[in-house]
Protein chains: 2
Amino acid sequence: MTDRRPATIKDVAASAGVGIATVSRVFSGTGSVSAATRDRVLAAARALDYRPSALGRGLKTRGGGGIGVIVPDVTDPFCGELVAGVLACARTLGEHVIVDAAGGDPAREAQIVERLAGQRVAGIIAMPAGDEADWRGAARVCSSVVFAGRVLPEVPGVPSVLADDAGGVRSLTEYLTGLGHRRIGFLGAAPGSPSRVRERAFRDTLAELGVPVEEDLVVAARPGRDAAYAAAAGLLQRRADVTAVLAAGHLLGEAAVLVARGLDLRVPADVSIAMVDDVAWAELCDPPLTAIARPGHDVGYRACELVLREPARRGRGGPVLLPTELVVRGSCGPPRAQRR
Amino acid sequence: MTDRRPATIKDVAASAGVGIATVSRVFSGTGSVSAATRDRVLAAARALDYRPSALGRGLKTRGGGGIGVIVPDVTDPFCGELVAGVLACARTLGEHVIVDAAGGDPAREAQIVERLAGQRVAGIIAMPAGDEADWRGAARVCSSVVFAGRVLPEVPGVPSVLADDAGGVRSLTEYLTGLGHRRIGFLGAAPGSPSRVRERAFRDTLAELGVPVEEDLVVAARPGRDAAYAAAAGLLQRRADVTAVLAAGHLLGEAAVLVARGLDLRVPADVSIAMVDDVAWAELCDPPLTAIARPGHDVGYRACELVLREPARRGRGGPVLLPTELVVRGSCGPPRAQRR
DNA sequence: GACTCCCGTGGAAACGTTTCCATGATGTTT
DNA sequence: AAACATCATGGAAACGTTTCCACGGGAGTC
């Protein structure tokens, strides 16, 4: 076995006794080749272990193919689902997927975009962090960019696929209010966060229902476990009269559960807890947690379709909104008269 | 802005009034270029929004760069960690990462390897499913393949980075035995599974400790939530005298918790539960679950180092074993005399 | 002051494809 | 039977790089 370099189209052509153009036609499926020739070429290729180089092809056809995905963190369950969705769609379309994690850092996002552009990917799917300017540049740089799971409202012309977070928070809020809760704590994202639709939906829904919004009950946590825990602890300690907590993310939900447990609060007798993101542990918690399920897989899948399949329709119309689902479990009940 | 096609090195050269070789030198950092010329080239490049094409470069240098990662499922927490580790390492080395999920299907794995080979990636990191023959071929096809998190013992010459599962199961078994358990149920992977080191470690440890192994207590589940649940339910219903359950994976642990709850068994009073994989919900469970933490991130990181950085040392020596950690929480206690 | 040496530079040949065009050999129409 | 459309095929140019080689000139050495 002295096959050091991978075989090239020339080797195959020579071995099969045909021209390179014929070999190319056999592998790309275009043009017409006689059955006999095709067989000879295929046999030669197999013997040489030939595999067309995506580099050569990409160079000629201008565009390496493949699609890039940028998420804050691949270990986050929602991001994981999103990536899985992209992978599923890309596979049906025969494209490969370059994944990278930006850790929520705009500068790193910009770097990644730069690198993907260098790879000449066919499109980029991003769950963006906060820097609009960079993305405005990115939109120029790459043929097609789609936001998924999150948007930067200040970046125009970039289509997006989103979970209907506002709708989800609305139903959760209505559900809690329907149970009789009036003092609902909201654990949300920090002011700098790209989009605070969840907080707005919470406020709007309460307003519509005629429940006054107490600013003191709406707290913003910066990303990360520790900040989430601090926020939850702050809320529940400061306001012992809170009867329910709506956590706008699984990290915040986790924090709420842990803090409640640490404070010896019974769920849902002393305090009801609900959250956005129906992660695996929601069902394993005791009691199981009521949550909003966001269709991460579908978001990724649709985004990928959008970026590859419908270049014409991109940009037209608003964002694609995918429905969420309220999964009622045992963590919410009627409010207790007064804690402590 | 009529910059339809991306600018090429030629455009930059023309615009800066130099030869293309000089532009190449400026961007690749090799050779010598005078400061003045460098500045002129850089300015021209910026003006034209030039970005070197990885395609052209890869073609010339034979090898597109980048590394491929193949896992069964990106949404699995351990796989997610592993991918994150690879991403972290690849970033420091300036490589991009192509990710794909094979869903545990050997045929799909083979397809993905084929595609990655076509991309001329610098290396492949795989958490392999069961077909040795395909991987034997893959090892030939790609410059360097490394197994991570799982191995196929029948494929020689492929280095690997593993979590020390055997050690983890051993400490868990010792821990349970030390608490006084003698009838420990083991929920493990199906016979077809690539490697059953965990089951073997369980058996060996019990044997060493002089505890007889009852075949009836060692059950194998096929992959997936439903099969896991079925296996756990079967075990706990069939053998009411089991005092502890050791689940060899987070899905199996989840199933054990759910089944115990469904059977109204108190944990750990009626039955102790422990598992491999310290996933997020282990701490949120009530009681929090004792678990073996596997260093998924490190496994990915080391595998990436191995595949890119130490091509010389690859293959020598046995697999790289990374230590696991026993995280004791509240789900295990001394055995109860008799259930029911 | 002639020699060597090195530095900055440009030309040109690869790298492995795709694709346009030309060519010869068939088969088809009048 | 002659002209013509059709088909299978090969040659060659391009795609955007890197890199070898050659060339000119300024500085250092004797």
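As the structure is a prediction and not an experimental result, all values here were calculated from the model.
Separating the CG atom in A:Leu48 from the CD1 atom in A:Ile9 is a distance of 12.5 Å, to the nearest 0.5 Å. How far NZ of A:Lys60 is from OG of A:Ser53: 14.5 Å, rounded to the nearest 0.5 Å.
Checking C:dT9, D:dT18, C:dT18 against the side-chain heavy atoms of B:Ser34 singles out C:dT9 as nearest. For B:Val18, taking side-chain heavy atoms from C-beta onward, the closest of the listed nucleotides D:dT9, C:dG10, C:dC15 is C:dG10.
A:Ser28 places a side-chain N or O within 3.5 Å of a backbone atom of A:Ser24 that can act as its donor or acceptor partner.
The distance from atom CZ of B:Arg25 to atom C1' of C:dG10 is 8 Å, rounded to the nearest whole Å. What separates CD1 of A:Ile20 from C1' of D:dT9 is a distance of 12 Å, to the nearest Å. One atom, CZ of A:Arg40, and another, C1' of D:dT9, lie 11 Å apart when rounded to the nearest Å. Following rounding to the nearest Å, A:Ile9 (CD1) and D:dA14 (P) show an atom-to-atom distance of 19 Å.
A sub-4.0 Å separation between OP1 or OP2 of D:dC7 and a side-chain N or O of A:Ser32 is absent. Put simply, B:Ser24 has a side-chain N or O that comes within less than 4.0 Å of OP1 or OP2 on D:dT18. Contact annotation: A:Ser53 side-chain N/O to C:dT17 OP1/OP2 distance is not under 4.0 Å. OP1 or OP2 of C:dT9 has at least one side-chain nitrogen or oxygen of B:Thr37 nearer than 4.0 Å.
Among the heavy atoms of the strands lying under 4.0 Å from B:Tyr50 are primed sugar atoms or P, OP1, OP2 only; no base atom is included. Looking at heavy-atom distances under 4.0 Å, A:Gly63 makes no contact with the nucleic acid at all. Among the protein residues, A:Arg51 comes within range of the sugar-phosphate backbone only, with heavy atoms under 4.0 Å from sugar or phosphate atoms but none that close to a base. Contact annotation for A:Gly56: base contact, defined as any heavy-atom pair under 4.0 Å involving a base atom. Residue A:Gly118 is classed as having no contact, given no heavy-atom separation below 4.0 Å to the nucleic acid.
Legend: salt bridge (Lys or Arg N to Asp or Glu O under 4.0 Å) pairs involving residues 112-129 of chain B, not counting sequence neighbours, sorted by first then second residue: A:Arg51-B:Glu114.
With a 4.5 Å cut-off on side-chain heavy atoms, B:Val71 and B:Val83 count as touching.
Taking the nucleotide of DNA chain D with the nearest heavy atom to each of B:Ala21 and B:Leu59, the more 5' of the two is matched to B:Leu59.
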